[in-house]
**Q** 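Sharing a structure here in structure tokens format.
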Amino acid sequence: MAISRSAHVLVVGGGIAGIACAVRLSEAGVRVTLLETRKKLGGRATSFDDVRSGETLDNCQHVVLGCCTNYLDLLERLGVADQIRWTREQYWIEEGGRTSVVKPATLPPMPAPLHFSWSFLRAKFLTLSEASAIGRCCIAMLRVDRRRETDRTFATFLRQHGQSDRAIRRFWEPVIVSACNLSCDRVAASSAIHVFQEGFLANARAADVGVSKVPLVRLYERVAPLLARTGGAVELGAGIANVNARSVRATDGRAWHADAVVCATPVERVVRLIDDETRRTDPRFADLDRFTHSPILGVHLRFDRGVMSDLPHCVLVERGVQWLFRKSDDGSSVHAVISAADAWLDLSEGEIGDRVTRDLHACLPASRSAQLISARAVKEKLATFAPTPGLDALRPNPTGPSGIVLAGDYTATGWPATMEGAARSGYAAAASLLNHSTPDRVIDSPGVGVLPGLAVSPLARALGLRTLG
């Protein structure tokens with residue numbers, strides 16, 4: 001459907017996808033009402049006020065990579081791109097404290113996909129034969145069309161390309177569990193290959209690690225003023241009961257009517273908001289209840305002294321905790337991330353704190369004299385959809401017969417469940433309203449749409465890489 005410049009659009013869901021869609025529509029002159037059930041924006045990438053400590057804590061540590069061109073563009077539009085702190089180094093730490101620093105070569109600089117090769121070959125957590133085998137697998141991945149790898153697991157792909165169980169545990173598993181929130185033996189090979197093609201092999205800056213300097217919720221403070229410029233608004237605390245192509249009904253009986261509706265809620269909520277008739281007549285909704293989820297556990301730790309004051313973040317090799325992030329200058333506040341956290345969900349907060357502390361002490365021996373003051377665990381049971389084999393075929397397009405526009409990281413973005421995937425879906429939803437090719441369209445905004453990924457280096461292209469993002 002096409003919308004006029006005086007149109008009113010309802011965007012249901014104030015996560016990254018909904019924010020991205022609302023911002024792009026508003027910039028085109030459209031009046032947007034952004035409806036969010038919670039009392040804050042950000043969805044799963046937000047913060048909460050911890051009543052115990054009085055601090056504003058993120059639900060979980062969210063990381064942006066250099067390859068996340070659309071999410072970074074959204075931050076630019078919101079005027080908060082300067083709130084991201086960047087590092088190029090990755091610190092991999094084994095039990096006992098032995099540390100390997102993986103970083104792009106700078107003297108002399110090397111082009112992708114060779115930019116990590118020197119530090120990778122020197123990495124102590126892998127044998128030379130393991131590092132060489134991983135390098136050969138990455139070169140093979142350059143020539144893979146990931147669209148043909150949707151129906152098998154990444155573990156199957158890795159073993160076909162000569163990867164040992166130890167190399168999978170020490171290297172492939174931490175990367176993929178962190179990026180896709182599933183283990184190598186569960187995740188679709190297409191999703192995992194995407195991570196390496198876009199995030200490691202295409203461009204020397206693709207794997208740069210960015211972390212917000214401020215609580216995530218503060219990144220969205222300018223959304224409401226931006227929407228207000230075109231007569232729009234943000235409505236928080238709006239519990240939604242039903243969505244159709246032209247109206248939204250709240251659980252308290254309120255109703256909003258508009259020229260178009262974008263449903264930007266997580267996939268499990270879409271299923272509950274759409275009526276049976278819509279599900280029967282619009283094939284996009286037929287398989288949404290087949291999506292499953294994978295949990296993430298974020299743990300905020302506070303010690304009586306610094307435990308990682310010299311590191312911004314680190315990967316723990318072959319431990320239950322995949323990542324640690326320094327959250328205070330002196331390193332006494334640390335955030336631990338456990339992705340694909342199914343085995344942790346039944347643990348008490350005390351048990352979680354003990355287990356995380358054991359992993360931290362094992363890999364950072366100097367921390368063993370520090371005393372744990374507090375541990376705040378945040379369990380996200382439905383953190384991400386699970387990109388298992390066969391799922392790509394079920395991911396819906398933004399538009400369909402019902403007229404409801406869909407946005408969300410679960411849609412057909414080609415990306416795993418990430419902030420970048422969510423931003424891409426929001427931009428695609430906005431473009432579907434602004435640039436839809438119909439005889440009576442009024443707004444024609446050719447600059448609105450999904451931004452391309454980082455440029456593929458000439459060497460990576462010569463070796464066969466053709467990214468799809």
**Q** Any non-hydrogen side-chain atom of Thr418 less than 4.5 Å from a side-chain atom of Asp409?
**A**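 When only atoms from C-beta onward are counted, Asp409 and Thr418 do not touch, as no gap falls below 4.5 Å.
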**Q** Any non-hydrogen side-chain atom of Leu182 less than 4.5 Å from a side-chain atom of Pro387?
**A**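 With C-beta onward as the side chain, the pair touches.
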**Q** Are there over 12 heavy-atom neighbours, none belonging to Arg302, within less than 6.0 Å of that residue's CZ?
**A**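 Atom CZ in Arg302 is not packed in, count stays at 12 or less.
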**Q** Would you say the side-chain atoms of Thr153 pair up with the backbone N or O of Arg186, donor to acceptor, closer than 3.5 Å?
**A**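 Side chain of Thr153 to backbone of Arg186, a donor-acceptor pair under 3.5 Å: no, none is there.
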**Q** If only atom types and distance count, is the side chain of Arg284 paired as donor or acceptor with the main-chain N or O of Ile404 below 3.5 Å?
**A**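 Flag set: sc Arg284 to bb Ile404 pair under 3.5 Å.
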**Q** Check this for me: Asp329, atom CG, are more than 12 non-hydrogen atoms of other residues, nucleotides or ligands nearer than 6.0 Å?
**A**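 It does not: Asp329 CG has 12 such atoms or fewer within range.
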**Q** Checking the side chain of Asp359 only, and the main-chain atoms of Val321 only, is there a donor and an acceptor separated by less than 3.5 Å?
**A**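 Yes, because the side chain of Asp359 sits within donor-acceptor range (under 3.5 Å) of the backbone of Val321.
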**Q** When you look at CG of Asp82, are more than 12 heavy atoms from neighbouring residues, nucleotides or ligands closer to it than 6.0 Å?
**A**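 Check passes, neighbour count above 12.
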**Q** If you define the side chain from C-beta out and look only at heavy atoms, does anything of Leu41 sit under 4.5 Å from Leu34?
**A**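 With C-beta onward as the side chain, the pair touches.
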**Q** Is it true that the side chains of His300 and Ser333 contain a donor and an acceptor less than 3.5 Å apart?
**A**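 No donor-acceptor contact under 3.5 Å links the two side chains.
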**Q** Would you name the heavy atoms of Leu345 and Lys379 that are closest together and state the gap between them?
**A**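 So the two residues come closest at O-NZ, 2.6 Å.
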**Q** Apply side chain to side chain donor-acceptor pair (under 3.5 Å) to Thr106 and list each qualifying residue two or more places apart in sequence or on a separate chain.
**A**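 Listed in chain order: nothing, the list is empty.
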**Q** Determine whether the side chains of Asp49 and Thr56 contain a donor N or O and an acceptor N or O closer than 3.5 Å.
**A**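 Side chains of Asp49 and Thr56: pair found under 3.5 Å.
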**Q** Between Thr265 and Gly13 (side chain of the first, backbone of the second, donor and acceptor by atom type, cut-off under 3.5 Å), is there such a pair?
**A**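 Looks like no, no N/O pair under 3.5 Å.
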**Q** For Asp58 and Ser47, indicate whether the former's side chain and the latter's backbone hold a donor-acceptor pair under 3.5 Å.
**A**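 No; judged by distance alone, with no hydrogens or angles, the pair does not exist.
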**Q** Any chance CZ of Arg148 has more than 12 other-residue heavy atoms, nucleotides or ligands included, within less than 6.0 Å?
**A**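 No, not enclosed.
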**Q** Are Ser178 and Trp323 close enough that a side-chain donor and a side-chain acceptor fall under 3.5 Å?
**A**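 Per modelled atom types, Ser178 and Trp323 side chains form a pair under 3.5 Å.
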**Q** Distance check, rounded to the nearest 0.5 Å: Arg52 atom CZ versus Ser374 atom OG?
**A**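 One gets 8.5 Å once the value is rounded to the nearest 0.5 Å.
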**Q** Take atom NZ in Lys40; do more than 12 heavy atoms of anything else shown fall under 6.0 Å from it?
**A**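 Yes, because the 6.0 Å sphere around NZ of Lys40 holds more than 12 heavy atoms from other groups.
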**Q** For Thr384 and Asn181, test the side chains for any donor-to-acceptor distance below 3.5 angstrom and give the result as yes or no.
**A**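 Judged by distance alone, the side chains do pair up.
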**Q** Between Leu74 and Met419, is the side-chain contact (heavy atoms from CB on, under 4.5 Å) condition met? List the steps.
**A** CA-CA 10 Å; Leu74 176 62; Met419 294 190 295; over 6 Å; no
**Q** Spell out, as yes or no, whether a donor-acceptor pair under 3.5 Å connects the side chain of Asp50 to the backbone of Glu55.
**A**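 It does not hold such a pair.
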**Q** For Asn203 and Ala455, indicate whether the former's side chain and the latter's backbone hold a donor-acceptor pair under 3.5 Å.
**A**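 Yes: the side chain of Asn203 pairs with the backbone of Ala455.
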**Q** Might you work through the salt bridge (Lys or Arg N to Asp or Glu O under 4.0 Å) test for Arg280 and Asp276, ending with a clear yes or no?
**A** CA-CA 6 Å; Arg280 283 193 297 269; Asp276 292 341; 5.1 Å; no
**Q** Using a 3.5 Å distance criterion without hydrogens, assess whether the side chain of Asp151 forms a donor-acceptor pair with backbone atoms of Pro389.
**A**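 Not at all, since once roles are kept as given, no pair shorter than 3.5 Å links the two residues.
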**Q** If you compare all heavy atoms of Leu142 against all heavy atoms of Gln197, which two are closest, and at what distance to 0.1 Å?
**A**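 Minimum heavy-atom separation between Leu142 and Gln197: O-NE2, 4.4 Å.
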**Q** In sequence, state the C-alpha distance, the side-chain angles, and the governing distance for Arg279 and Asp289, and then conclude on salt bridge (Lys or Arg N to Asp or Glu O under 4.0 Å).
**A** CA-CA 11 Å; Arg279 294 187 69 178; Asp289 52 6; 3.3 Å; yes
**Q** Give me the one residue out of Phe157, Phe196, Phe200 that meets ring pair (Phe, Tyr, Trp, His ring centres under 6.0 Å) with Trp172.
**A**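 Answer after filtering Phe157, Phe196, Phe200: Phe196.
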**Q** Please confirm whether the backbone N or O of Ala112 pairs with a side-chain atom of Ser457, one donor and one acceptor, at under 3.5 Å?
**A**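 A pair under 3.5 Å: yes.
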**Q** With no hydrogens and no angle check, do the side chains of Arg395 and Thr413 hold a donor and an acceptor under 3.5 Å apart?
**A**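 Short answer, yes.
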**Q** Take a 6.0 Å sphere around NZ of Lys381 and say whether it holds more than 12 heavy atoms from other residues, nucleotides or ligands.
**A**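 Result for NZ/Lys381: open.
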**Q** Set out, in order, the CA-CA distance, both residues' side-chain angles and the distance that settles side-chain contact (heavy atoms from CB on, under 4.5 Å) for Thr230 and Val30, then state yes or no.
**A** CA-CA 6 Å; Thr230 52; Val30 176; over 6 Å; no
**Q** Check whether Glu76 reaches the backbone of Ala81 with its side chain - one donor and one acceptor, N or O, closer than 3.5 Å.
**A**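 No.
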**Q** For Tyr71 and His62, what are the C-alpha separation, side-chain angles and deciding distance, and is it a side-chain contact (heavy atoms from CB on, under 4.5 Å)?
**A** CA-CA 12 Å; Tyr71 179 70; His62 282 69; over 6 Å; no
**Q** For residues Ala22 and Leu227, report the shortest heavy-atom separation together with the two atoms involved.
**A**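 For Ala22 and Leu227, the tightest heavy-atom pair comes out as O-CD2, 3.6 Å.
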**Q** Passes side-chain contact (heavy atoms from CB on, under 4.5 Å), Leu10 versus His257? Steps please.
**A** CA-CA 8 Å; Leu10 295 169; His257 301 274; 6.0 Å; no
**Q** Decide salt bridge (Lys or Arg N to Asp or Glu O under 4.0 Å) for Glu268 and Arg44; before the verdict, give the C-alpha distance in whole Å, the side-chain angles of both, and the deciding distance to 0.1 Å.
**A** CA-CA 13 Å; Glu268 68 275 7; Arg44 289 162 292 181; 5.5 Å; no
